[in-house]
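Within every chain, numbering begins at 1; the chains are lettered A, B, ... in the order of the sequence lines, protein sequences first and strands thereafter.
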Protein chains: 2
Amino acid sequence: MSAIAVKEVKERVIGDNDLVAKTVRNDLKEKGVFLVNLMASPGAGKTTTLVRTIEALKDKYKIGVMEADVDSTVDAETIEATGAKVIQLHTGGSCHMDADMTKRGLEAMGYEDLDVVFLENVGNLVCPAEFDVGAAKKVMILSVPEGDDKPLKYPLMFSVSDCLLINKTDAMEVFDFDMERLKQAVRGLNPGMPVYPISSLKGEGYDEWLAWLTGEIEAWRHGGTEIGG
Amino acid sequence: MSAIAVKEVKERVIGDNDLVAKTVRNDLKEKGVFLVNLMASPGAGKTTTLVRTIEALKDKYKIGVMEADVDSTVDAETIEATGAKVIQLHTGGSCHMDADMTKRGLEAMGYEDLDVVFLENVGNLVCPAEFDVGAAKKVMILSVPEGDDKPLKYPLMFSVSDCLLINKTDAMEVFDFDMERLKQAVRGLNPGMPVYPISSLKGEGYDEWLAWLTGEIEAWRHGGTEIGG
């Protein structure tokens with residue numbers, strides 16, 4: 001039996017999500033903790049990507065992971081094996097995390113001694129895009145089997161993200177996925193956003209993604225980065 | 001330029017979704033219209049599956065499709081090419097359809113002369129599971145690349161559905177998907193639910209799915225089927 005901590009973070013009516021998000025972000029900035037809001041569809045490879053990313057960075061940073069899920073602790077158990085600090089958040093049926101839920105999750109996990117925290121948001125391309133949780137950066141994963149037309153159908157998610165990982169590139173040949181068509185649609189919604197094709201299964205394409213992530217972490221912790229969305 | 005009808009069906013506060021759903025279902029039963037609530041993750045293959053299913057049934061039934069989406073009309077354009085009656089519903093940011101939105105969609109499309117209506121719900125495994133829209137049957141698609149662990153993570157969707165299609169079986173070898181493990185987890189949540197592996201890309205596995213669907217349509221239109229969820 002695993003001893004993973006589980007915290008219920010059911011949504012509650014709060015006045016102003018953006019205001020709470022700002023408070024969370026300012027507090028994290030002050031403490032030098034870099035929070036990533038990781039968003040994707042179910043099965044896009046969030047957990048596998050996290051495991052590889054943690055393995056690559058764990059000698060350099062103290063890492064925590066908040067696994068948000070409607071139910072179950074399967075992802076938290078996978079993450080725990082990496083040695084990262086982990087907490088399972090159950091959202092009580094809610095299809096997204098908001099800033100207040102994130103704040104309660106951080107407090108339940110304990111975050112002051114960490115350098116980097118990943119919030120694995122609920123698998124969903126709609127609602128999570130609407131809620132600023134107070135993260136330093138929002139990272140989205142789209143997987144090849146989902147198709148290259150997704151920016152047309154879920155424009156908000158592509159618009160609000162700071163970095164886009166295209167996962168499962170090892171399956172490119174099985175699926176009719178046009179990377180150029182995808183990139184063009186993304187540029188129309190979010191011109192400056194970096195797009196990194198990766199295979200988390202095979203560990204391919206990680207150099208660029210890790211370079212971007214490390215650069216952002218360092219800028220957040222030591223630089224005078226403007227506090228953004 | 002396509003002339004697809006688009007209807008805004010933003011969610012509004014209504015008293016009792018289950019009551020509206022019951023009204024919708026009774027009205028459809030009376031008129032002999034079989035409504036399918038089709039639910040899946042983004043990119044699981046809802047539209048491709050619909051196209052193949054319509055092609056197989058269109059000589060036998062008059063078919064309508066309501067394409068629910070946060071934005072865009074790409075799916076409706078694909079469906080229109082089959083000759084089925086089609087309307088695009090924009091949910092105004094809502095991540096699911098409810099019974100009242102479905103009622104307004106049916107009225108905007110015109111449904112009295114149809115035999116079968118498919119509602120392609122918003123791509124999401126969480127919220128659509130919570131809302132009875134008034135359909136005769138709920139059909140869920142899970143695609144192989146999403147993984148065989150999804151029943152653990154989205155138990156409600158697997159519990160409320162009446163039929164489960166496992167799509168993209170042509171990609172089984174690329175992904176580490178254990179069909180027996182999946183079926184076992186599904187049986188734990190929903191013992192009687194039929195599970196049909198299909199490939200909508202290649203048109204494989206359709207005989208059983210179409211036999212089930214046709215049987216349910218006939219029972220609804222001519223038999224004394226009990227009106228269920």
Discussion item. Please find the pair of heavy atoms, one from B:Val126 and one from A:Gly123, that lie closest to each other, and give the distance.
Written reply: CG2-O, 4.4 Å
Worksheet item: So A:Val70 and B:Leu156, side chain to side chain contact (heavy atoms under 4.5 Å, CB included) or not? Walk me through it.
Response: CA-CA 9 Å; A:Val70 178; B:Leu156 186 63; over 6 Å; no
Worksheet item: Quick one: what part of B:Pro155 sits under 4.5 Å from any heavy atom of chain A, side chain, backbone, both or neither?
Response: side chain
Considering distance alone, list the donor-acceptor pairs between chain B and chain A shorter than 3.5 Å.
unit_1   : atom_1 : unit_2   : atom_2 : d
B:Asp75  : OD2    : A:Lys153 : NZ     : 2.5
B:Pro145 : O      : A:Lys168 : NZ     : 2.7
B:Lys153 : NZ     : A:Asp75  : OD2    : 2.5
B:Lys168 : NZ     : A:Pro145 : O      : 2.7

Discussion item. Among B:Ala44, B:Pro42, B:Gly147, which residue has the highest count of heavy-atom pairs closer than 4.5 Å to chain A?
Written reply: B:Pro42
